Amino acid sequence: MKTDLSNRYDIEKLITSFYDKVKTDSTIGYIFNDVVKVNWQKHLPVMFNFWENALFYTGNYTGDTMNIHRHLNHITPLSKEHFKQWEKLFTETVDELFEGPNAELAKQRAVSISTVMQIKIVA
Ligand code: HEM
């Protein structure tokens with residue numbers, strides 16, 4: 001039986017699985033692997049903090065997500081298809097691993113941040 005997302009350990013499991021999908025995805029993988037050549041050892045803990053803060057208000061993420069993606073969009077154009085695929089992979093990963101109010105909240109937050117990002121950056 002699946003349980004709800006309830007602590008940092010669950011977030012680590014979710015986000016690690018999500019980026020495992022991202023890395024091998026034929027629509028968005030190249031942005032992480034070839035364009036930015038992401039240092040995963042550095043990037044994953046930042047993402048754990050981001051999601052812990054987004055769901056549990058821990059205050060341990062203070063980055064400027066919008067500007068980072070605005071900059072990324074200058075290096076390589078981000079399209080609606082890229083965001084759609086990002087959202088699909090995120091939603092799929094949550095549904096595979098968790099079930100409950102926080103799992104629903106995580107999917108809602110992801111889509112709403114992604115929507116704002118697209119409006120500010122792509123549209
Ligand atoms: C087309 C969709 C997206 C692409 C291709 C993308 C790609 C990237 C890349 C390449 C980085 C930089 C990693 C590094 O510097 O090592 C990054 C950072 C990040 N992304 Fe995204 N991203 C996307 C959408 C999103 C969305 C929707 C969210 C939030 C819900 C998000 C949250 C973040 C965060 C929190 C960081 C770390 C920023 C920091 O260093 O403070 N991304 N993203």
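Just follow the structure's listing: the first ligand is 1, and inside any ligand the first atom is 1. Every value quoted in this text rests on a predicted model; they were computed, and no experiment measured them.
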Is the shortest distance from a Lys or Arg side-chain nitrogen in K107 or D95 to a carboxylate oxygen in the other one below 4.0 Å? yes
Any carboxylate oxygen within less than 4.0 angstrom of a Lys/Arg side-chain nitrogen, looking at D20 and K23? yes
Kindly compute the distance separating CZ (F18) from CG (L89), expressed to the nearest 0.5 Å. 6.0 Å
Going by an N to O cut-off under 4.0 Å, is there a salt bridge joining K88 and E81? no
Considering only the protein, which heavy-atom contact is closest to atom 37 (C) of ligand 1, and what is its distance? M47 SD, 3.8 Å
Of all residues at least two apart in sequence or in a different chain, which pass the side chain to side chain contact (heavy atoms under 4.5 Å, CB included) check with T58? E52, N53, F56, N60
Contacting atoms of ligand 1, where contact means under 4.0 angstrom from a heavy atom of F50: 29 (C), 35 (C)
Give a yes/no on ligand 1: does I28 have at least one heavy atom closer than 4.0 angstrom to it? no
Classify the ring geometry between H43 and Y19 as parallel (under 30°), tilted (30 to 60°) or perpendicular (over 60°). perpendicular
Just by distance, no angles: are the side chains of N67 and R70 close enough, under 3.5 Å, to form a donor-acceptor pair? yes
Hydrophobic cluster identity match, I15 and V111, side-chain contacts under 4.5 Å: no
of all protein heavy atoms, closest to atom 15 (O) of ligand 1 is V36 CG1, 4.4 Å
Contact check, side chains of E87 and Q118, non-hydrogen atoms, under 4.5 Å: yes
Total protein N, O or S atoms, atom 21 (Fe) of ligand 1, separation less than 2.8 Å: 1
Would you mind listing which atoms of ligand 1 come within a distance below 4.0 Å of any non-hydrogen atom of Y61? 35 (C), 38 (C), 39 (C), 41 (O)
Within the 4.5 Å heavy-atom criterion, are L14 and F90 side-chain neighbours or not? yes
Show which atoms of ligand 1 fall inside a sub-4.0 Å distance from at least one heavy-atom site of W51. 30 (C)
Quick one: side chain to side chain contact (heavy atoms under 4.5 Å, CB included) partners of S6, sequence neighbours excluded? D10
What part of K42, side chain from CB on, backbone N/CA/C/O, both or neither, has a heavy atom under 4.0 Å from ligand 1? neither
Closest to atom 16 (O) of ligand 1 among protein heavy atoms sits V38 CG1, 3.6 Å
Under-4.0 Å heavy-atom contact with ligand 1, by part of Q85 that carries it: neither
Which protein heavy atom lies closest to atom 7 (C) of ligand 1, and at what distance to 0.1 Å? F32 CZ, 3.2 Å
Nearest neighbour in protein (non-hydrogen) for atom 11 (C) of ligand 1: H43 CE1, 4.3 Å
Atom 29 (C) of ligand 1 [closest protein heavy-atom partner, distance rounded to 0.1 Å]: I113 CG2, 3.7 Å
A student checking ligand 1 against H82 at a 4.0 Å heavy-atom cut-off should list atoms 1 (C)
By side chain to side chain contact (heavy atoms under 4.5 Å, CB included) - contacts of I75 (at least two apart): V35, H71
